[in-house]
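Have a look at the structure below before the remarks.
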Amino acid sequence: MSDFLQLIISGLSTGSIYALAAIGFTLLWQASQTINFAQGEFVMVPAFFILIGSRVLGLPFPIAIGFGLAVAVFTLGFVFKRLVIQPMLPHGHLPIVMATIALAILMRELVKEFYSAEAQTFPALFSEQTFDVFGAVISHQDIGNLAVSAVAIIALQLFLGRTRTGRSMQATAQNPGVAEILGVNVQRMVLYTFMINAALATLASVLISPIYLAKFSNGEPIGLVAFLAAIVGGFNQVRGALVGGLLIGVIDNLSAAYLSSEYRIAGPMILLIVIILLRPQGLLGTSEGRTV
Amino acid sequence: MFKTITLATALATFGIIGAASAETLKLGNVAELSGPGATVGNAWTDAINMGVDEINAAGGVLGMQLEIDTYDTQTDAQTSRALVQKAIDDGAFLILGTVYSSSTIVNMLVTMQQGIPQIVGSESPSITQKGNPYVFRSSFGAQKSMPKIAAYLDEGLGAKSVAVSWVNNEFGKGGHDAFVAEMEARGIEVVADVSSEVGQADFASDVTQLKSANADAIFVYLHEEESARLLKELRKQNVEAPIIGETTLLNQKVIELSEGAADGIMGHVGLTVDAPNPEIQAFAKRFSDRYGYKADHNAMKGYVAIYTAATAIERAGELDRQKVADTLHNMTITVEDVPNILLNVSWDETGEVSRESFLVEVQGDETIVKDMLPAN
Amino acid sequence: MKQLKILGLVAILAGLIIAPFTQATYGTYVLSSWLVFTVAAMGLNLTLGYAGQISLAQAAFMGIGAYSTALMTMAGLPWIASVVVGMGLCFVVGLILGYPALRVQNHFLAFVTLAFTTLAFLVMRNEEWLTGGIYGLVGVPRPSVAGLSLMDGTRYYFFTLGVFILASLSFWWLVNSPWGRAFKGLRENPIRANSLGVDTRLVTLLAFAIGAAYGGLSGALMAPLVQYIDPMSFTLIISLKILLMVVVGGSGYFFGPFLGAGLVIMLPEFLRFAEAYYLMIYAALVVFLMVVCPSGLLGLLSRGIAAIRSREPAERGDLKEGAQL
Amino acid sequence: MLQLKNLYGGYGKITILNGVEFEIPKGTITTVIGPNGAGKSTVFKAIFGLLNVHSGQILLEGRDVTGRTPKQMIGEGVTYVPQGRNVVPQLSVYHNLELGGITARDQSAVRARIEKVMDQFPMLREFRDRKAIELSGGQQKQLEVARALLLDPKLILIDEPSIGLSPNLVAEVFRTLQALRDDGVTILMVEQNAKAALAMSDFGIVLELGQTRMHDRADALLADPRVGQLFLGGHMEEA
């Protein structure tokens with residue numbers, strides 16, 4: 001029983017970080033039909049921006065995080081949208097898919113050549129102190145990860161639902177044609193989405209790097225999980241990506257323990273296929289609005 | 001070798017073999033310079049390049065300067081096969097690499113078909129078990145190191161049961177199979193057998209399984225980063241059992257990345273820069289002076305590989321590949337003869353190496369050599 | 001114009017026949033591997049370029065073909081039998097995979113095939129009794145034709161070239177025959193094709209399954225070429241590589257995959273001077289190509305030709321959304 | 001009010017408008033009719049700045065507004081209600097209305113205006129907090145029309161308001177439009193349901209192959225046998 005609880009709690013903690021990456025993924029999809037195959041690298045790279053801030057520029061760590069966030073929002077948000085995605089938007093998904101795959105390779109290689117090929121330790125925001133709950137060991141980090149992700153997601157929901165800009169972004173995502181004829185600056189709303197995605201990715205990076213270490217090759221597994229979480233939860237709902245992330249985190253742990261550790265990724269993959277067959281819009285997705 | 005080198009240098013000084021000294025001997029280094037194996041392949045390559053410069057400065061091999069062409073496999077088996085072929089087409093006399101077993105198993109078919117000696121840094125047991133007469137290791141295969149670990153578990157710790165955590169690729173699978181076989185031979189029960197993926201982020205589930213098995217010891221056979229993640233999670237879940245590993249687990253990188261969680265782990269190391277031998281210490285210093293980072297066992301493998309190649313060619317006495325391969329079988333190189341071979345080493349008729357190795361323990365962030373284990 | 005095309009084809013064919021004699025063993029091996037991957041890319045081109053479905057399973061289909069060939073030929077069965085089995089398996093699996101995905105919605109095929117590739121890899125790696133596990137299968141024999149052994153690299157190249165030409169001709173027939181014209185109709189105007197009574201879903205499904213069978217053929221050629229197969233050769237990364245070949249060359253163009261596979265396989269050769277930076281340059285080139293020319297190299301070419309023929313004002317891309325209402 | 005001079009335009013390389021010309025007076029309802037593919041909707045998109053105008057001019061109250069963006073057109077006092085369903089599905093009715101005034105600087109005025117519009121369309125007040133997708137088709141169309149009124153426009157371009165609505169709802173929408181006209185708003189409308197539309201309009205325009213074929217008083221067009229034969233035929237009977 002305590003094992004089971006342990007698996008669930010650890011799964012939720014990592015799952016909450018996956019959720020952050022997955023939410024950004026769905027936001028980009030909604031705003032511009034961008035399937036970002038470089039999403040994992042978007043989570044990998046900010047850790048290095050922060051490390052550059054703290055180790056190369058000598059900034060105190062909290063300021064280095066701010067520095068990393070700013071650089072990420074500019075490069076992975078603004079530059080990515082303007083120089084890479086925008087010119088391809090009128091040509092459908094495929095060029096974007098290919099360009100983001102290549103971009104992922106490019107980002108990996110840049111980090112490897114110009115920072116280091118070796119994994120780097122990354123300071124944790126929360127202590128690694130632990131306490132016992134019914135025999136399961138929980139660390140402050142687990143709780144911290146869950147809390148920070150929850151706050152970020154609630155803040156995002158409030159922004160999207162309670163502000164005029166947020167609602168304009170929703171309009172852009174759900175019906176860009178209508179948004180345009182109402183005078184919403186569609187391109188700017190899309191840009192905001194890209195910047196929010198970069199910020200969420202930075203947050204995920206800060207949370208996952210102390211556990212996962214910062215390394216150029218980390219993007220691939222993270223990206224795949226984010227992708228899975230987004231599809232399972234529902235491509236057109238922030239809530240869906242959240243549930244998808246948590247679910248993948250937990251199922252991954254459970255299938256490793258109770259199914260077979262050799263087939264552990266099969267659990268989430270089978271879930272993906274079942275979801276596509278039975279509920280293609282995702283667990284919490286709606287079939288209205290844009291369709292995949 | 002040094003006699004010959006001295007002779008050659010002397011002759012060259014008198015201008016007798018001036019023409020010969022201008023000749024070069026081409027070797028090919030096929031390694032993982034990009035992709036997941038980049039860290040490993042770069043250390044291997046850097047050490048080889050350092051060795052080549054030293055050998056050339058000392059007069060080269062058979063009076064010829066070594067020239068090394070480096071090829072990047074991108075850590076991809078098929079690419080490595082193509083590149084070994086390319087290195088041979090380019091005129092490489094002998095091939096160094098690859099380090100990843102998955103690549104070596106494929107590309108050694110090419111050198112075998114064409115009779116080119118190849119010195120590899122891979123540890124998968126199967127490499128020397130396929131009857132390839134041209135493949136040689138520069139470090140132990142897992143089937144050589146596992147008996148030493150088994151002996152330690154059995155006699156040193158008196159363990160009756162063990163839990164195993166291994167990475168499910170060619171490296172891990174080979175080590176795992178060799179280890180489990182040794183455990184069966186000694187009657188130690190494997191009570192948990194947990195595989196993980198390369199690049200796995202979350203080890204909570206692995207550790208939960210290892211922990212609930214309540215084994216007398218935990219044996220870890222993962223790559224460096226995954227080792228660090230596992231160690232952190234083991235400490236987090238308060239696992240008390242002794243943690244035992246092989247070479248990679250005791251790597252300096254693991255100690256650094258696991259931020260204290262490696263304290264107290266023990267294991268067997270084939271090559272370690274922390275060994276108290278003067279030759280190894282001198283090598284480690286030259287390496288870090290030149291490249292600005294600390295050498296690891298992969299660098300040592302590369303260094304041993306290039307000196308093995310040079311010595312074998314020198315001893316064969318002529319540029320005959322078959323003769324070099326024959327020389328390498330059942331060859332022994334001692335530190336007296338060639339100091340930069342780092343440790344006395346012998347090869348058997350399958351190309352497997354045998355040499356002394358170390359039993360080490362991590363205390364704080366230091367690796368302490370507890371014992372020297374004889375060659376087997 | 002048409003004569004020019006035929007002349008060009010003859011010249012290329014002549015080049016392919018002369019090529020191995022100008023190359024060392026390595027060059028011949030790279031050429032063979034180009035032919036093998038072109039067959040896989042050709043199949044994906046049918047799925048992607050004609051039916052508009054993104055498939056990430058082409059490497060898994062290559063794997064099915066390669067393992068069938070390895071297992072059967074190592075058991076002493078003839079190569080041709082293993083090809084039939086491998087391609088048949090891929091076709092059937094293609095139908096099984098494609099049917100539910102199409103039943104739902106368009107781009108779900110991409111997700112289903114992604115999961116399938118991962119699952120196929122797991123089976124290849126974990127089921128040691130069948131597939132040799134992570135070590136794979138070593139010593140796949142090369143077939144003999146009319147008693148002539150193909151162990152020699154150049155001979156195997158010509159064998160691959162022969163199969164490749166057959167595969168290309170079949171593909172050509174497939175998209176140009178009256179029966180196969182549905183594929184072309186699908187590419188040019190799916191809505192019209194539908195209104196003309198073509199069952200677009202059936203055709204799409206067939207395009208996917210036939211594309212999968214081409215993947216199987218490619219794998220059947222690859223196993224004897226490399227003489228060794230392991231699960232790592234059939235991962236998602238390889239699927240993406242094949243996808244890249246199709247898109248870079250120009251999806252939906254008959255010769256797109258030929259060009260794309262050539263580029264993807266040869267580019268590392270051309271960029272060797274850049275040493276450690278070559279992957280970086282390679283990736284940057286792909287991003288650049290996609291940004292300036294989303295329809296691939298052949299798309300660029302045909303757009304260039306069209307532009308020379310008639311100069312038209314450019315579209316206002318920024319106002320696309322509202323105009324669709 | 002609005003004048004089109006020799007307008008050519010279309011999507012990308014395809015030209016659909018081949019010299020459209022007409023002028024509509026302030027405070028009137030004008031209906032554009034014509035066969036499928038005549039370029040009726042295209043004219044609206046061209047006016048509203050949604051597609052390329054290759055040549056020709058669009059004049060609004062004498063000023064040249066050719067090539068403006070939709071946002072600039074809204075600034076000029078023009079709103080556009082396209083064909084089909086054009087609500088933002090997951091937002092509430094209130095927030096959909098609010099989007100109609102998204103370009104205004106003074107948002108408190110927008111809120112006041114929403115209240116006023118909800119007075120005009122009491123149904124909207126009743127379903128104020130429902131998601132737009134939950135409204136019926138007719139209600140959604142009313143929401144769209146209401147949303148187009150938020151900035152107090154001078155000119156409304158409305159494309160096929162009757163599609164998918166029951167006859168009494170169509171009549172209701174038409175009555176709303178007439179009431180707006182009486183308040184001084186100019187309305188330009190495309191309608192398939194030509195007979196009913198012309199009956200409530202002041203003027204009618206017949207468009208064919210991207211050119212203006214006829215332009216006259218609505219009652220005159222209704223009476224014209226050519227119109228009946230060519231464009232109203234089947235439709236009139238069906239409607």
Subject >> Check: B/Ile88 and C/Tyr26 side chains under 4.5 Å, non-hydrogen atoms >> reply: no
Subject >> Neighbour count above 12 (heavy atom, 6.0 Å) for C/Phe288 CZ >> reply: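 For C/Phe288, atom CZ is not crowded (no more than 12 foreign heavy atoms under 6.0 Å).
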Original post:
If you round to the nearest 0.5 Å, how far is NZ of B/Lys86 from OG1 of C/Thr25?
Top reply: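 So the gap between those two atoms works out to 11.5 Å.
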Original post:
For B/Asp89 and C/Ala24, which heavy atoms make the closest approach, and how far apart are they?
Top reply: OD2-CB, 3.1 Å
Structural part of [X] lying under 4.5 Å from a heavy atom of chain B:
X: C/Gln23; answer: neither
X: C/Val226; answer: both
X: C/Leu225; answer: backbone
X: C/Tyr29; answer: side chain

**OP:** Please test C/Tyr135 against B/Ser102 for side chain to side chain contact (heavy atoms under 4.5 Å, CB included), starting from the C-alpha separation and ending with a verdict.
**Re:** CA-CA 7 Å; C/Tyr135 301 123; B/Ser102 48; over 6 Å; no
Original post:
Does B/Glu197 come within less than 4.0 Å of C/Arg125, counting only side-chain N to carboxylate O?
Top reply: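 Counted as a salt bridge, because a side-chain N and a carboxylate O are separated by less than 4.0 Å.
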**OP:** Let me know if B/Ser101 has heavy atoms under 4.5 Å from chain C in its side chain, its backbone, both or neither.
**Re:** neither
**OP:** Check each atom of B/Asn107 against the heavy atoms of chain C and say whether the ones under 4.5 Å are side chain, backbone, both or neither.
**Re:** neither
Subject >> Among B/Val84, B/Ile105, B/Leu33, residue most engaged with chain C (heavy-atom pairs, under 4.5 Å) >> reply: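 Going by pairs under 4.5 Å, I would pick B/Ile105.
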Subject >> Pair C/Asn126-B/Asn168, side chain to side chain contact (heavy atoms under 4.5 Å, CB included): steps then yes or no >> reply: CA-CA 9 Å; C/Asn126 294 341; B/Asn168 199 347; 3.4 Å; yes
Subject >> Residues which pass ring-ring contact (aromatic ring centres under 6.0 Å, His included) with C/Phe158, listed by chain and number, not counting sequence neighbours >> reply: C/Phe21
Original post:
Residues of residues 232-244 of chain C under 4.5 Å from chain B (heavy atom pairs)?
Top reply: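 Listed by number, the contacting residues are C/Ser233.
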